[in-house]
Amino acid sequence: MRKRYLIANWKMNLPPEGVDNYLAAMARADARDVTIVVAPPFPFLRDVSPHRIAVGAQNCSDHQNGAFTGEVSPGMLRGCGVDYVILGHSERRQIFHEADPLIARKLALAIETGLTPVLCIGEDIRVRDTGQVARFLADQIRATAIPALEMAKDVVIAYEPVWAIGTGRNASGAMVAETVGEIRQSLERFWPARYAAGLPILYGGSVTPDNVDDLVVSGGIDGFLVGGASLDSSKFSAILAGLARAA
Ligand code: PGA
């Protein structure tokens, strides 16, 4: 059975209820077999692990040290107790112009450093509307088919259609299921064979307590990467309950 995850991507935000209140509430939630990961902004990374919640970073450098003002290396993240790192998020790709070769280098260094990468892939609305989704995602997967994948203990994929992120317009369970099938086919073609069936694929994009059931029941996914709704512990707990119920 594949591992299941619920990942909070706070982006450059903090929970209105306060970091410690939020983390204490999530530590009390009944997670069953679901691994909860909280990815706060960098200065708050060390606040997460005392609550026995897995720690995620939202980004890392493709270098371990040096003259790279404003960057944080995978080794430094490990030193702060970080286990997971989100890579290739569409906001990094679009706003900060991160392209596949840079993401592939970050992926390699994260794996070599012992972090579990959460690799985000997803199409924009033009690609979806012109029926190019399978080919587009195959290209993103092929671009990250690096030798370091052979030595990775775990890798997580987050399928996040760009048009669904922060828009209130989530993909339907049926649409996600079809796309997850296409992603597995591309993994089989381009990544080491062991990844095709065993790798957890999460969905992200406007996940809320209201749409979680459809995505869990019909989506064929192994969890969620949640932005906006992850900032409120009661909403995030409700999403967790929906996911945990479907064990
Ligand atoms: P959203 O963000 O849940 O606010 O759509 C998801 C993400 O960006 O990971």
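Hydrogens, waters and symmetry mates are skipped; everything else that's a heavy atom, side chains included, is used. In this chain, numbering begins with 1 at the start of the sequence shown. Whatever order the structure lists ligands and atoms in, that order sets their numbers, starting from 1.
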message = Are Leu102 and Ile86 connected into the same hydrophobic cluster when the rule is that any two of I, L, V, M, F, W, Y join if their side-chain heavy atoms are below 4.5 Å apart?
response = no
pair Asp232-Pro16: side-chain heavy atoms closer than 4.5 Å = no
inquiry  = Show me, by chain and number, every protein residue that has a heavy-atom distance under 4.0 Å to ligand 1.
reply    = Asn9, Lys11, His89, Glu160, Ala164, Ile165, Gly166, Gly205, Ser206, Leu225, Val226, Gly227, Gly228
message = Closer than 3.5 angstrom, by distance alone: can the side chain of Arg78 be matched with the main-chain N or O of Val82 as a donor-acceptor pair?
response = yes
request  = Answer yes or no: are there more than 12 heavy-atom neighbours, outside Arg46 itself, under 6.0 Å from its atom CZ?
outcome  = no
inquiry  = Atom NZ of residue position Lys11 - does it have more than 12 heavy atoms of other residues, nucleotides or ligands inside 6.0 Å?
reply    = yes
Report, one line per pair, each donor and acceptor closer than 3.5 Å where one atom sits in a side chain of residues 140-151; sequence neighbours left out.
unit_1, atom_1, unit_2, atom_2, d
Gln140, OE1, Gly122, N, 3.0
Arg142, NH2, Asp139, OD1, 2.8
Thr144, OG1, Gln140, O, 3.2
Thr144, OG1, Ile141, O, 3.0

